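Below is one structure, written out as structure tokens; the observations come after it.
A quick note: this is a predicted structure, and the numbers were derived from the prediction, not measured. Letters A, B, ... mirror the listed sequences (proteins, then strands); counts begin at 1.
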Amino acid sequence: MNCTRNRLPASTSHLNQRILHLKNGSGPTKVNDALQLFDEMLQRQPPPSIIQINQLMTLIVKMKQYSTALSLFKRVNMMGIPSDLYAINISINCHCRLNQVAYGFALLATLFKQGYPPDLTTYNTLINGLVLADRVFEAVELFKKLLIEKLCDPDQFMYGSVINGLCKAGHTIKAYELLRYMESGSCKPVVQYNTVIDSLCKDKMVDHALQLFTNMTEKGVLADVITYSSLIQGLCNFGRETEAARMLMDMEGKGVSPSVVTFNILVDSFCKKGSVKDAELAVQAMVRRGLNPDVITYSALIDGYCLRGEIDEAEKVLDGMVEKELVPNIITYNSLINGYCKKKRIGKAMRLFQEIQHKGNPAAARELFNEMQAKGHTPTVLTYGILFHGMCKNSQTTDALALFRSLGSNELMKNIVLYNILIDGCNKCGKPNLALDLYDELLLIGLKPTVRTYNAVIRVYCQEGLLGKGTELLRKMEENGCLPDSFTYNIIVRELLKKNEPGEAEILLEEMINRGFMPDHATFENLLVRIPNVGKDSRLRTIVLKLTSVERKDGKISNITSPC
DNA sequence: GTAGGGTTAG
């Protein structure tokens with residue numbers, strides 16, 4: 001019980017144990033476990049230390065839950081627990097990861113105001129944030145400023161971020177020069193060699209990369225699995241497989257074991273060359289070494305089969321990964337969708353797109369959608385419909401509406417089907433007013449409501465207790481030339497029965513039955529609940545008897561044609 | 001006893 005727990009003193013060692021347990025644990029519930037622990041922590045008296053909070057926050061950040069971490073920090077602040085430099089640095093990092101560097105710099109200002117001098121980590125995080133936002137020029141400027149004004153003494157991390165930024169921006173030579181500058185100073189490069197070696201390989205300067213590899217070894221810096229993996233990829237990409245194989249043996253000889261990433265590079269390389277058989281052999285080899293193929297391994301294989309047009313084989317790989325409880329991501333699906341499109345199986349591709357939503361991965365679906373658009377695959381009403389439906393199903397009505405609004409001038413948006421999806425979605429996400437606004441809007445722009453529109457709006461009225469408006473619309477739709485269907489009647493009758501209005505329910509029940517519609521499961525339940533309370537000669541009872549007897553006779557509903 | 005950088009799949 002919560003109240004019992006509140007009275008317990010905060011057991012620091014117990015909390016630390018649970019944090020440690022989470023740190024080493026894994027599995028699909030990890031995020032939830034961390035959040036639950038956080039809730040429990042905040043309920044304790046005395047409150048947890050900022051160190052414990054920071055530790056847990058670090059875990060949440062490692063799981064890439066940046067927005068969550070930020071809102072948790074807000075709660076911590078509101079509880080009056082003062083944050084420290086660590087907490088603020090973690091927050092700055094979260095903003096940077098969310099592509100909100102500006103907020104990161106705003107927190108830097110807060111630091112100054114609160115009298116905490118920002119430290120090396122603060123600056124490193126911001127420089128890295130600028131790099132992540134592709135603002136490498138500004139990152140370099142900040143770095144220079146810090147150096148010139150002697151605001152801090154750059155360390156491995158700072159050099160690492162700047163060198164990485166230069167490489168990502170295509171300035172490998174500048175990165176190389178900075179690496180040389182490091183060598184001349186007191187902070188000697190280590191992983192920075194890897195960054196530059198990898199970048200040289202990607203810039204087709206594999207021989208220069210090999211040269212730098214020799215250099216670093218001569219300087220006594222040990223090459224690690226990342227150095228070798230980058231070189232192996234560089235060699236493979238330019239048809240130098242024999243040398244790549246030699247490199248693989250070389251690393252093993254030096255006691256550096258290939259990792260999952262190393263194998264993934266090999267698997268992908270084989271796949272791109274069309275030899276999926278060799279890729280499969282590489283996968284077998286990694287498994288023999290006790291390395292578990294991951295989503296990237298499987299995605300590379302799937303893409304390999306799709307490139308060859310062997311979509312059935314690709315599907316088998318997908319099944320295999322799902323069996324291993326690996327979750328396919330946007331890249332996996334993209335390969336498959338491309339595979340289907342190549343085989344002109346558009347229907348299948350579209351179904352897969354739909355499936356992504358049902359698997360509860362709306363972010364992936366949205367990403368795929370954005371790419372479809374970027375690549376010039378013009379989305380159709382169907383595409384938008386699938387997307388909006390999926391977003392609404394995952395309580396992302398706000399995002400769905402925002403997307404809908406952003407396309408406002410598009411003629412495609414003046415589509416009743418999209419309005420239907422959004423009205424229903426808003427209502428089911430607890431936003432009935434938005435749903436009704438959408439209904440007004442579609443009438444205003446001259447769209448003709450369909451039976452689905454009316455049903456959705458009637459559902460809103462019913463849920464908001466406006467039964468009168470619901471029945472009114474039922475009458476009005478028919479006047480407008482749109483006949484109610486089974487859903488329309490069921491929505492209203494069910495609600496009338498719930499609200500104990502048997503008279504009105506009787507009229508509509510008879511009407512619907514006359515028109516050949518049957519009460520659905522939910523309506524029938526409400527109907528049966530009412531039976532014991534109505535008189536022997538009531539029409540409601542007669543209706544139920546009639547319904548059940550007809551069903552008993554031949555099980556067909558179409559036989560109910562005569563009025564009760 | 002808490003924060004920050006390098007390698008892999010469409």
Spacing between [X] atom [atom1] and [N] atom [atom2], to the nearest angstrom:
| X | N | atom1 | atom2 | value |
| --- | --- | --- | --- | --- |
| A:Ile296 | B:dA9 | CD1 | P | 7 Å |
| A:Asn292 | B:dT8 | CG | C1' | 16 Å |
| A:Arg308 | B:dG10 | CZ | C1' | 18 Å |
| A:Leu126 | B:dA3 | CG | P | 17 Å |
| A:Ile60 | B:dT2 | CD1 | P | 17 Å |

Base, sugar-phosphate, or nothing for [X], non-hydrogen atoms under 4.0 angstrom?
| X | result |
| --- | --- |
| A:Ser230 | sugar-phosphate |
| A:Gln192 | base |
| A:Gln156 | base |
| A:Leu120 | base |
| A:Thr195 | sugar-phosphate |

OP1 or OP2 of [N] versus the side-chain N and O atoms of [X]: is any pair under 4.0 Å?
| X | N | answer |
| --- | --- | --- |
| A:Asn128 | B:dG5 | yes |
| A:Thr58 | B:dA3 | yes |
| A:Lys202 | B:dT8 | yes |
| A:Lys168 | B:dT7 | yes |

Review point. Got a sec, which residues hit ring pair (Phe, Tyr, Trp, His ring centres under 6.0 Å) with A:Phe213, two or more places apart in sequence or on another chain?
Key: A:Tyr228
Study note, to complete from the structure: A:Phe143 meets the ring pair (Phe, Tyr, Trp, His ring centres under 6.0 Å) criterion, sequence neighbours left out, with A:Tyr159
Taking the side chain of [X] as its heavy atoms from C-beta onward, which of [options] lies nearest to it?
| X | options | result |
| --- | --- | --- |
| A:Ser299 | B:dT8, B:dG10, B:dA9 | B:dA9 |
| A:Thr121 | B:dA3, B:dG10, B:dT7 | B:dA3 |
| A:Ser229 | B:dT7, B:dT2, B:dG10 | B:dT7 |
| A:Ser335 | B:dA3, B:dT8, B:dG10 | B:dG10 |

Salt-bridge criterion met for [X] and [Y] (N-O under 4.0 Å):
| X | Y | result |
| --- | --- | --- |
| A:Asp39 | A:Arg75 | yes |
| A:Glu315 | A:Lys343 | no |
| A:Lys316 | A:Glu313 | yes |

**Study point:** Side-chain-base donor-acceptor pair under 3.5 Å for A:Asn329 and B:dA9
**Key:** yes
Check your understanding: Hey, is NZ on A:Lys204 packed in by over 12 heavy atoms from elsewhere, all under 6.0 Å?
Key ->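 Counting other residues, nucleotides and ligands, NZ of A:Lys204 stays at 12 neighbours or fewer.
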Check your understanding: Considering only heavy atoms, which members of residues 268-282 of chain A lie under 4.0 Å from some atom of DNA chain B?
Key -> A:Asp268, A:Lys272
**Study point:** Proximity to DNA chain B (any heavy atom under 4.0 Å), residues of residues 176-191 of chain A only
**Key:**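 Within this stretch, A:Val191 sit under 4.0 Å of the strand.
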**Study point:** Any A:Cys306 side-chain heavy atom under 4.5 Å of A:Lys342 side chain
**Key:** no
For a quick test of your reading: what N or O donor-acceptor pairs under 3.5 Å do the side chains of residues 101-114 of chain A make, sequence neighbours left out?
| residue | atom | partner | partner atom | Å |
| --- | --- | --- | --- | --- |
| A:Thr110 | OG1 | A:Ala106 | O | 3.1 |

Side-chain polar contacts of residues 275-288 of chain A - donor-acceptor pairs under 3.5 angstrom, sequence neighbours left out - could you list them?
| residue | atom | partner | partner atom | Å |
| --- | --- | --- | --- | --- |
| A:Ser275 | OG | A:Phe270 | O | 3.3 |
| A:Glu280 | OE2 | A:Tyr305 | OH | 2.7 |

Review point. Only one of A:Thr121, A:Leu146, A:Thr122 clears side chain to side chain contact (heavy atoms under 4.5 Å, CB included) with A:Cys152; which?
Key: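 Only one option passes, and that is A:Leu146.
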